[in-house]
There are 2 protein chains.
Amino acid sequence: MARKPTVYDVAREADVSIATVSRVLRTPEKVRPETRQTVLKAINLLGYLPSGSARSLAARRTNTIGLFLPNIDQLDQISDFELVTEDAADIVVDPPHAQENNSDSLYFDEVLRGCELESWRQGLSLMVSIGLKGKDGDIPQLINSMSEKVDGLIVLARSVPDNVLAFLRKRLPVVIIANATISQESEFDLVRVSNRKGMYTLVRHLFEKHQVRRMAYIAGTDDSPDNGKRYEGFCEGLRSEGLEPSASPIYRGQFSQSVAYQIATSLARQGTLPQALVCANDQMALGVLRALSDAGISVPDQVIVTGFDGIKEAAVSQPRLTTVRQPMVDLGRAAVSTLVRRLGSPEDPPISTELPVKVQLRESCEGTMI
Amino acid sequence: MARKPTVYDVAREADVSIATVSRVLRTPEKVRPETRQTVLKAINLLGYLPSGSARSLAARRTNTIGLFLPNIDQLDQISDFELVTEDAADIVVDPPHAQENNSDSLYFDEVLRGCELESWRQGLSLMVSIGLKGKDGDIPQLINSMSEKVDGLIVLARSVPDNVLAFLRKRLPVVIIANATISQESEFDLVRVSNRKGMYTLVRHLFEKHQVRRMAYIAGTDDSPDNGKRYEGFCEGLRSEGLEPSASPIYRGQFSQSVAYQIATSLARQGTLPQALVCANDQMALGVLRALSDAGISVPDQVIVTGFDGIKEAAVSQPRLTTVRQPMVDLGRAAVSTLVRRLGSPEDPPISTELPVKVQLRESCEGTMI
DNA sequence: TTGTACGCGTTATCAG
DNA sequence: CTGATAACGCGTACAA
């Protein structure tokens, strides 16, 4: 690996000026085909690759956008990592305790894919950074090290403290994915999904196709806008049927599979199960399914269970889970798309986009579907 | 968003030279605490953020590494994306057809996490790019646009054509994750897992704890080094028990869930099931589980089924799947770690690392586990 | 069409 | 400890 060749090397090799080399790369049509060939030949010969840094510096843009994802449980225990070769294969017994794996992680993966896909289509590079749990102090630093290198930033809701966001917003375009707190509502470009409408539609379905009258809501955490919007949709659905929302019990599931498990278990023991358990996310719905299965209660024959999000586990559970699927990939794509537009016209008013969801009917609601 | 402040602005504000400003950021200990404070104050006042491009250019390093992931099915249909707000929630019926979802995608996600985690620990930024299926022509371009901006590259095996790899290798350090073809064996830094040892250990377990004598192997695609190594381990296991590998049937499952389903189905119909079906990956094992379930055959009472990889679905199947778990996160971490070392000493001989796997015993092999 | 020369915002080397 | 100043590699008006 000798010293990397630069424009100068190519220019010398092709016996032209560096300006011409640059033109061949950026505006080939402005160069006589002949000389263009000569230059291209030299480029190939030397294995020349332009320097992104120099390019960005001169062009005043990096053609890179940053994606900032929030904490992920798995990365919590950041043990030191030793690079050791160890040809081994231990045997471990993996007891069937439903480990609480963060539903978010799957969610983020798809968003990432969407960002990557759309970035590619737009000819942009994508830089990714993940916040670390319990390491809030490092987030500003993380964000900064990324901000230096990108033209704009996409952050998932609540992955970054408000004050940091406010700071960033002054320096470069920021697009927020998912729900925003009210304070951000009018200042940032936003991309989100129809949480309210999704839950509403699901509840309407329960009324219309399954004649459910008594349903309970298993809620997420109180501080979650998602949770709030979904509950709104739930209430709206009830009212549309002439039911009083306050008459339907709410259980605080904290978005947690195990908490939901406990809730469903005690409901089953007390014999106070409603006709349908509407959960604010899939993880909790899965916990409920497991609890009911353990309690010997049949879903959906005795109780209907529904989730929200459309994570993969929900498609392979027993029974498979009826849920409201978020268009996660599209969230990513929309975010990039929004960012690109923003980069094109920095002074336009904030762009807010709401993506449609899909109510996916499966056995936990419909029963046998052949 | 006014013009971004530069070192000059900060220098003027703090009434020092740009050199001092730079020092405050890079080598604070070399600046008198007093002036340091002044400079920091100015930085905060102006909301100064150094330019990554300029930094990289001057320092001759980007402090960024690139991760290149292979095709992902989901991103195949790259439809145009319109940024439209649509407050909608369609209802769709999702029939229980086991959709063939690429197992790789989950695999990659974890590798990505590992890379991200270790990059963070090493103070590096991570740039991600995903190759697109059927778009091989674009890969060189993709790779190039990334190579310009990174100090080194991590690529997943077979995500990039050999000739492109060879080209890149001349320009910057490249670490390959997972198995490599023989031609790459000695030229690149490699990180992989103990495929052979893992399968061997699993087979030994079947002998020792379950007295299995007749087992069949459901193989992946022939061109996969992973598949090859795993089969080696399988054979080695048989021989260690005095069994002749050629006496154990091999079925060509192509790493495909549906193909494996068909295989298991016909074995069940013919009544030619062995005592254990050892699958080269989890996807196939899941297909087998489904087939046996449909055929009314009990696992593991009548047949033991095992997989390989440790994907998430394997932990929630009915019964849960005994498998050999690859340390995917660690693969990513090891790759970054290797790359960092390589960046430190470009001329050292290739580094090859083999990570240990874990045989995870679950119900598809052990039966009820309390 | 092609070349010259300056600027992009840092880092790093040397004097002071 | 601090301040000039020369790289760093490329884009781009401006000239030729």
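Chain letters run A, B, ... following the sequence lines, proteins first, then strands; residues in each count from 1.
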Roughly, in whole Å, what's the span from [atom1] in [X] to [atom2] in [N]?
{"X": "A/Tyr48", "N": "D/dG9", "atom1": "OH", "atom2": "P", "value": "10 Å"}
{"X": "A/Ile43", "N": "D/dC10", "atom1": "CD1", "atom2": "P", "value": "10 Å"}
{"X": "B/Leu57", "N": "C/dC8", "atom1": "CG", "atom2": "C1'", "value": "9 Å"}
{"X": "A/Asp15", "N": "C/dT2", "atom1": "CG", "atom2": "P", "value": "12 Å"}
{"X": "B/Ile18", "N": "C/dT11", "atom1": "CD1", "atom2": "P", "value": "9 Å"}
{"X": "A/Gln37", "N": "C/dT1", "atom1": "CD", "atom2": "P", "value": "15 Å"}
{"X": "B/Arg26", "N": "C/dG9", "atom1": "CZ", "atom2": "C1'", "value": "13 Å"}
{"X": "A/Arg60", "N": "D/dT12", "atom1": "CZ", "atom2": "C1'", "value": "10 Å"}

Specify the residue among B/Lys30 and B/Ala59 whose closest nucleotide of DNA chain D lies further upstream toward the 5′ end.
B/Lys30
From the set [options], return the single nucleotide nearest to any side-chain atom of [X].
{"X": "A/Val7", "options": "D/dC8, D/dC10, C/dC8", "result": "D/dC10"}
{"X": "B/Arg32", "options": "C/dT2, D/dT2, C/dT10", "result": "D/dT2"}
{"X": "A/Val16", "options": "D/dT2, C/dG3, D/dC8", "result": "C/dG3"}
{"X": "A/Tyr8", "options": "C/dT13, D/dG9, C/dG3", "result": "D/dG9"}
{"X": "A/Thr6", "options": "D/dG9, C/dG3, C/dT10", "result": "D/dG9"}
{"X": "A/Ser22", "options": "D/dT12, D/dG9, C/dT2", "result": "D/dT12"}
{"X": "A/Thr20", "options": "D/dG9, C/dG3, C/dG9", "result": "C/dG3"}
{"X": "B/Thr35", "options": "C/dG9, D/dT2, D/dG9", "result": "D/dT2"}

Once hydrogens and angles are ignored, does a donor-acceptor distance under 3.5 Å link the base of D/dG3 to the side chain of B/Arg23?
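Check passes, donor-acceptor contact within cut-off.
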What is the distance from atom CG of B/Leu156 to atom CG of B/Leu112, rounded to the nearest 0.5 Å?
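Output value for this atom pair is 10.0 Å.
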Roughly how far, to the nearest 0.5 Å, is CG of A/Leu124 from OG1 of A/Thr62?
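Separation between the atoms: 8.5 Å.
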When you check the phosphate oxygens OP1 and OP2 of D/dG9, does a side-chain N or O of A/Arg55 lie under 4.0 Å from one of them?
no
Hey, does the side chain of A/Ser17 come within less than 4.0 Å of C/dG3's phosphate (OP1/OP2), counting only N and O?
yes
Residues A/Lys149 and A/Thr64: side-chain donor-acceptor under 3.5 angstrom:
no
Give a yes or no on this: more than 12 heavy atoms of other residues, nucleotides or ligands lie within 6.0 Å of atom CD of B/Glu34.
no
Is there a side chain to side chain contact (heavy atoms under 4.5 Å, CB included) between A/Ile351 and A/Asp348? Walk through the geometry before answering.
CA-CA 8 Å; A/Ile351 306 168; A/Asp348 283 6; 5.9 Å; no
Which atom of A/Leu172 lies closest to which atom of A/Ser147, heavy atoms considered
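Between these two residues, the closest heavy atoms are CD1-O, 4.2 Å.
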How is A/Val31 classified with respect to the nucleic acid when contacts are heavy atoms under 4.0 Å: base, sugar-phosphate, or nothing?
sugar-phosphate
